[in-house]
Every structure is written in structure tokens, then in C-alpha cells.
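Single-structure report; data block below.
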Number of protein chains: 2
Amino acid sequence: MVVDELTEESVDHLFHALSDSTRRDILRRCAEEDRSVSRLADAYPMSFAGVQKHVAVLERAGLVTKERRGREQLVHTEPDAMDRVRQVLEELERTWRGRAERMSDLLAGRPRPRNTD
Amino acid sequence: MVVDELTEESVDHLFHALSDSTRRDILRRCAEEDRSVSRLADAYPMSFAGVQKHVAVLERAGLVTKERRGREQLVHTEPDAMDRVRQVLEELERTWRGRAERMSDLLAGRPRPRNTD
DNA sequence: CTCATCTACAACCATTCGGTTGTATGTTAG
DNA sequence: CTAACATACAACCGAATGGTTGTAGATGAG
């Protein structure tokens, strides 16, 4: 099942990871086929270490995982993570439509805000 | 139709706006019912100006719009924006599943990366 | 073994972010 | 008109981001 908590912080990480076009592109490339970090790095106009950091952000968000393969580190996407993103989005959209205001609280657990309503 | 460009930058803004729990909460509250900025501010443990900035981020992303109502400024959610987010996510997910690798390029237009594949 | 390759990670830097306070401007109530 | 309220916005600050270079450790090829 890998329900995987889905805390506010993890949702922060998920959306933050998706908020950069280079990282979204890394996701697309790795979805097509697993790639090593240095192979990925060849595709962008930045240093190897720079790409390494982007991969680390995607990793923290749980969107990709790395797997040793010889001296390379293969990056591959984690389908479950995408499900989590969609789940949050759907929850948000339900409230959007004005329905299931209660579900909102159950699914996402109101963040820090003290409800001064 | 409001196809609305959907440039890489606008996608950046969308996901960035969603990467903060306070902003997601603002979205939920405004989805339930339009609220003035100061009314929103009452709900969070931060200054009025702080909330103002969060609303500005949501506005830049096109997720909300403000409408003058007397001396207040009512914030209300923009359903179209949510559609755009879902659209990007679906595109990403298609590649995820290994299908329609071509669609990826058409829909999102590869970012800056020079394709050194 | 030796060397080239791939990775990890620290240190640094400019910019952005998330927050603050303070000031100015509009708008409505009395 | 005046006072109170709602907003706007600039200036500032510490922390995080997105990038860099440099160094060091594994691993595979020859």
C-alpha cells in the first residue's frame, strides 16, 4: 500500500520538487528509461554537482530512487509518489468545487494555522 | 477556453505556490467561501503583510484573484488554474507510464536543456 | 596495479523566500 | 471631518535555493 504518511511537510517537498523545469525534465527522462546521474548531467547546461543536487531534491520528495549499478547510480521514478501528488490535488480540488469540506480536514489535516474562524 | 500559455515558467509558479502548507490552506479556505485578506490573516500565526505575500504568490500563479468589495479585497479561487495543474500532472504521468513519449515534448515543450541524448 | 570514470560532499556565493516592521493610501462609519 | 479599518508596499533580515568549484572515495577497464 505504501500509504506513506503524506504529512504537510512531505507534500511541501513534493510540490517544491515539481516547481523546477529541470527537475520535471529529469523526471520525464528517467520515466522513459533509467539513467545514471552523469548521463543525466550531459543533458543540461550545468555542472554534474548541480544535477546531483536536483536529483537529491527529487529523492527527498520520494519522486525518484537511486540504485547502484556497477560504478553508476541509476535514477528511476517512483510511481507511488505520483499517486500521492494526484491524491493531494484531488483533495484540493474537492474543496475547490465546494464539496466535502469535511474530507479536507480528514485527508490533509489542517496545517499549523490555528483555526480562528 | 482560457488555454493560457502554460509556459514552463507558469508551471514553476503553479507548483511553487502549492509547495507551502499555509498557501494550500488559504486555497482551501477561499474555496469554501471568498474571504478578505484580513479575514484570512486572522487565521494564521503571522502578520497581515505575511499573509498578503502568500496571497500574492497564489495570485502570480493564477490560482486566485482578488476583487474589490468596498474597502475589502475578496480573494477567490480560480478553477481554471487547478485544471492547468492537473493537466501538467497528467502529462507527466503519461510519460511516467512509459507511454506517449512524444506527447511529452508537444505538451510541455522541453525546457532549456539541450538534448544531448 | 594504474588510470579514467562516476559519485559524494563540503564550501562558497548570489538570489529568492518567508517572514518582520513601518509608512502611506483608500474607504467606510459616525 | 475624523477616526478606525483594510490594503499596499518598501526595507530589512535570516534561512533556504540553485548554482559553482574543489577534493576525495569507489569502481571498472586495460
Side-chain angles (χ1 to χ4, degrees), chain A residues 8-27 29-30 33-61 63-76 111-114 116, chain B residues 8-27 29-30 33-61 63-76 111-114 116:
Chain A
E8 287 296 329
E9 197 190 16
S10 72
V11 176
D12 290 358
H13 291 337
L14 276 173
F15 283 115
H16 170 69
L18 291 172
S19 74
D20 181 280
S21 68
T22 297
R23 286 194 291 265
R24 290 193 299 275
D25 193 69
I26 290 177
L27 281 180
R29 289 176 188 262
C30 291
E33 177 184 25
D34 291 2
R35 285 159 205 254
S36 69
V37 183
S38 57
R39 184 131 161 54
L40 280 171
D42 292 337
Y44 308 97
M46 74 180 71
S47 68
F48 172 80
V51 174
Q52 233 180 348
K53 278 194 175 185
H54 280 304
V55 172
V57 171
L58 291 168
E59 219 180 348
R60 183 182 63 165
L63 285 162
V64 305
T65 54
K66 286 187 292 189
E67 190 185 354
R68 263 252 129 72
R69 177 95 172 226
R71 64 180 157 185
E72 297 181 329
Q73 193 90 264
L74 290 191
V75 181
H76 59 92
R112 11 196 154 98
R114 57 202 49 187
T116 314
Chain B
E8 287 295 329
E9 197 190 16
S10 73
V11 177
D12 289 358
H13 290 338
L14 276 173
F15 283 114
H16 170 70
L18 292 171
S19 73
D20 181 279
S21 68
T22 298
R23 285 194 291 265
R24 289 192 300 275
D25 194 69
I26 289 177
L27 282 179
R29 288 174 190 264
C30 291
E33 177 185 26
D34 290 2
R35 284 159 204 255
S36 69
V37 183
S38 57
R39 184 129 161 53
L40 281 171
D42 292 338
Y44 308 96
M46 75 180 70
S47 68
F48 171 79
V51 175
Q52 234 180 347
K53 279 194 176 185
H54 280 303
V55 171
V57 171
L58 291 169
E59 219 179 347
R60 182 181 64 165
L63 284 162
V64 305
T65 53
K66 287 186 292 187
E67 190 184 355
R68 263 253 129 68
R69 176 96 173 227
R71 63 180 158 185
E72 298 180 329
Q73 193 90 265
L74 291 192
V75 180
H76 58 92
R112 8 192 156 104
R114 57 200 53 180
T116 314

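Values below: every heavy atom of this structure, side chains too, minus hydrogens, waters and symmetry copies. Note that this is a predicted model, so its numbers are computed, not measured. Below, read A as the first sequence line, B as the second, and so on, with proteins coming before strands; counting in each chain starts at 1.
Figure legend: cation-pi geometry between R29(B) and Y44(B), with NZ or CZ positioned under 6.0 Å from the six-membered ring centre and within 45° of its axis.
dT5(C) atom P lies 16 Å from atom CZ of R39(A), rounded to whole Å. In this structure, NE2 of H16(A) is placed 13 Å from C1' of dA15(D), rounded to the nearest angstrom. Per the geometry, CG belonging to D12(B) stands 13 Å off P belonging to dT16(C), to the nearest Å. Rounding to whole angstrom units, CG of residue D20(A) and C1' of dT16(C) are separated by 13 Å. Atom P of nucleotide dC17(C) and atom CZ of F15(A) are separated by 18 Å, given to the nearest angstrom. Remark: P of dT16(C) and CD of E9(B) are 12 Å apart, rounded to the nearest angstrom. Rounded to whole angstrom, the span from the CG atom of L58(A) across to the C1' atom of dT17(D) amounts to 14 Å. Atom NE2 in H13(B) sits roughly 12 Å away from atom P in dT16(C) (whole-Å rounding).
Two residues are said to be in side-chain contact when any heavy atoms from C-beta on lie closer than 4.5 Å; T22(A) and M46(A) meet this criterion. In this structure the side chain of E67(B) never reaches within 4.5 angstrom of the side chain of Q73(B), judged on heavy atoms. When side chains are defined from C-beta on, D12(B) counts as touching R24(A), because their heavy atoms get closer than 4.5 Å.
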Letter by letter from the 5' end, nucleotides 21-30 of chain C scores (B base, S sugar-phosphate only, - none; protein heavy atoms under 4.0 Å) B-----BB--

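Residue Q73(B) places no side-chain atom within donor-acceptor reach of the base of dA6(D), judged by atom type and a 3.5 Å distance cut-off alone.
Contact between S36(A) and L74(A) at its shortest, heavy atoms only, is N-CD2, 3.6 Å.
The side chain of R23(A) has dG18(D) as its nearest neighbour among dC6(C), dG18(D), dG19(D).
Remark: R23(A) pairs with H54(A) by the side chain to side chain donor-acceptor pair (under 3.5 Å) rule, at least two apart or across chains.
Within the 4.0 Å cut-off from OP1 or OP2 of dT17(D), at least one side-chain nitrogen or oxygen of R60(A) is found.
Each of L18(B), T65(B), L27(B) was evaluated against L58(B); a single residue qualifies, L27(B), per the side-chain contact (heavy atoms from CB on, under 4.5 Å) test.
Judged by closest nucleotide on DNA chain D, K66(B) is the one of Q52(A) and K66(B) placed further toward the 5' end.
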